[in-house]
Amino acid sequence: MQIPQLEPWPDTAEEAEAVQDRLRPRVELSGPTSFALVAGLDVHYHGTGSGGEELTAAVVVLDAATLDVVEQVAVRGKAAFPYVPGLFAFRELPALAEALGRLTVTPDLLVCDGYGLAHPRGFGLACHVGVLTGLPALGVGKTPFVGAHEPPAPERGAWTPIVHDGAVVGRALRTQRGVKPVYVSQGHRVSLDTVTEQVLRLSPRYRLPEPVRRADHLARHPVP
DNA sequence: GCGACAG
DNA sequence: ATCTTGTCGC
């Protein structure tokens with residue numbers, strides 16, 4: 001698929017935050033409610049410990065109806081920014097963009113490993129990827145980040161709102177009975193209800209949605 | 001002011 | 001994210 005040119009990459013936290021603030025108004029909070037092709041995005045780090053620079057970015061496209069793999073791409077690269085909570089996207093975006101660019105099909109929804117609107121400046125990785133590609137995107141986090149929430153009921157499908165600065169920015173969603181919830185939020189061109197519905201539908205068996213699990217596996221075990 | 005802080 | 005064994009459960 002075709003992806004827009006990445007702008008000059010920020011060198012400092014101040015520049016990165018300015019980019020987020022400038023792109024933030026481009027986020028759209030409504031859009032399609034069904035999707036034929038769904039892509040999972042993930043990055044695996046390998047190299048120098050906590051200062052690890054080497055990474056592998058993976059994108060796996062699934063048929064949303066059957067959850068069969070349609071196409072997968074893995075690319076090696078380097079982290080493009082130091083790890084700073086809230087500026088996470090600047091680490092992996094270049095590598096993810098290159099992987100997306102090598103796809104021969106265009107996904108209808110991007111499922112990102114991280115947050116979207118539930119972010120200190122309301123512009124997490126899922127928003128950033130969505131705005132850059134113009135595609136609907138959502139974020140799935142494994143641990144709480146910003147905001148407050150109550151634990152959802154133990155049954156699959158139960159959820160509670162995540163409230164930050166007086167606004168609902170996401171949901172803690174139970175994808176499997178008795179298993180820790182995941183934290184979902186809008187990225188781009190999707191409603192929060194659609195985000196919830198899609199993540200639940202894409203997680204028939206495990207805690208994390210199938211596209212993200214597939215991408216995680218590919219990033220860890222690329223086929224040379 | 002201090003601590004906490006997606007991956 | 002990663003460093004790491006065994007253990008419990010399906």
Side-chain angles (χ1 to χ4, degrees), chain A residues 10 13-14 16-17 19-20 23-24 27 40-60 74-97 99 110-132 137-149 154 156 162-165 168-173 175-188 192 195 199 203-209 211-222:
Chain A
E14 291 69 29
E17 290 180 7
V19 171
Q20 291 180 329
L23 296 181
R24 167 81 182 78
V27 169
L41 286 61
D42 193 26
V43 170
H44 179 244
Y45 293 86
H46 45 85
T48 318
S50 60
E53 287 287 336
E54 304 280 316
L55 57 76
T56 298
V59 178
V60 179
V75 304
R76 291 201 54 163
K78 295 190 109 188
F81 205 81
Y83 172 66
V84 180
L87 300 178
F88 176 60
F90 293 92
R91 277 175 84 63
E92 1 191 284
L93 219 40
L96 286 173
L110 304 179
V111 181
C112 304
D113 183 22
Y115 283 95
L117 223 58
H119 173 277
R121 278 169 301 283
F123 197 77
L125 173 68
C127 297
H128 210 143
V129 174
V131 167
L132 287 187
L138 63 85
V140 182
K142 296 182 284 293
T143 62
F145 187 25
V146 296
H149 66 88
R156 169 177 150 85
I162 299 174
V163 179
H164 180 60
D165 287 341
V168 174
V169 295
R171 287 173 181 169
L173 172 65
T175 54
Q176 298 297 326
R177 168 157 193 87
V179 173
K180 284 193 302 179
V182 295
Y183 306 88
V184 304
S185 55
Q186 290 155 279
H188 186 52
L192 188 49
V195 166
V199 170
S203 313
R205 169 93 213 259
Y206 301 103
R207 181 189 178 219
L208 293 176
V212 170
R213 295 187 66 250
R214 296 280 193 164
D216 180 82
H217 184 90
L218 176 60
R220 289 174 189 271
H221 312 289

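Note that this is a predicted model, so its numbers are computed, not measured. All chains are named by letter (A, B, ...) in the order of the sequence lines, taking the proteins before the strands, and each is independently numbered beginning at 1.
In this entry the distance linking CG of A:L138 with C1' of B:dA6 reads 15 Å, nearest Å. Spacing between atom OH of A:Y115 and atom P of B:dG7 amounts to 6 Å, rounded to whole angstrom units. One interatomic measurement links the two molecules: CZ of A:F90 to P of B:dA6, which rounds to 17 Å at whole-angstrom precision. The interatomic distance linking A:E54 (CD) with C:dT2 (P) rounds to 14 Å, in whole Å. Atoms CD1 (A:I162) and P (B:dA6) sit 13 Å apart, rounded to a whole Å. Here the P atom of nucleotide C:dC10 and the CZ atom of A:R177 are 14 Å apart, to the nearest Å. Taking atom CG of A:L41 as the reference point, atom P of B:dG7 lies 15 Å away to the nearest angstrom. Distance, A:E53 CD to C:dA1 C1': 13 Å, rounded to whole Å.
Here the closest non-hydrogen pair linking A:V131 and A:V27 is CG2-CG2, 3.9 Å. Of all heavy-atom pairs spanning A:A137 and A:A126, the tightest one is CB-O, 3.4 Å. Annotation for A:P222 and A:A74: closest pair CB-CB, 4.4 Å, computed over non-hydrogen atoms. The two residues A:L218 and A:V59 come nearest to each other via the heavy atoms CD2-O, 4.2 Å.
The pair A:D42-A:R220 does not count as a salt bridge, with every side-chain nitrogen at least 4.0 angstrom from each carboxylate oxygen.
Relative orientation of the A:F88 and A:Y83 rings is perpendicular, given thresholds of 30° and 60° on the angle between their planes.
Candidate nucleotides B:dC5, C:dT2, B:dG7 were compared by shortest atom distance to the side chain of A:H44, and C:dT2 ranks first. With distances taken from any side-chain atom of A:R220 to the nucleotides B:dG7, C:dA1, B:dA6, the minimum falls on C:dA1.
Looking at heavy-atom distances under 4.0 Å, A:L87 makes contact with a base. Looking at heavy-atom distances under 4.0 Å, A:G139 makes no contact with the nucleic acid at all. Residue contacts for A:L125: at a heavy-atom cut-off of 4.0 Å it reaches a base atom on one of the strands shown. Residue A:P144 is in sugar-phosphate contact alone, with no base atom involved, counting any heavy-atom pair closer than 4.0 Å across all strands shown.
Note on A:T143: a side-chain N or O is less than 4.0 Å away from OP1 or OP2 of B:dG7. Residue A:H119 has no polar side-chain atom (N or O) positioned under 4.0 Å from OP1 or OP2 of B:dC5. Put simply, A:Y45 has no side-chain N or O that comes within less than 4.0 Å of OP1 or OP2 on B:dG7. Between B:dG7 and A:K142, a contact under 4.0 Å exists linking OP1 or OP2 to a side-chain N or O.
With pairs defined as Watson-Crick or G-U wobble and both atom distances under 3.5 Å, not a single stem of at least three pairs touches DNA chain C.
Residues A:F90 and A:H128 place their aromatic rings such that the two centres sit under 6.0 Å apart.
Atom CG in A:L192 sits 9.0 Å away from atom CG in A:L117 (nearest 0.5 Å).
In this structure, A:Y183 forms no aromatic stack with the base of B:dA6, since the conditions of centre separation below 5.5 Å and plane angle below 30° are not both met.
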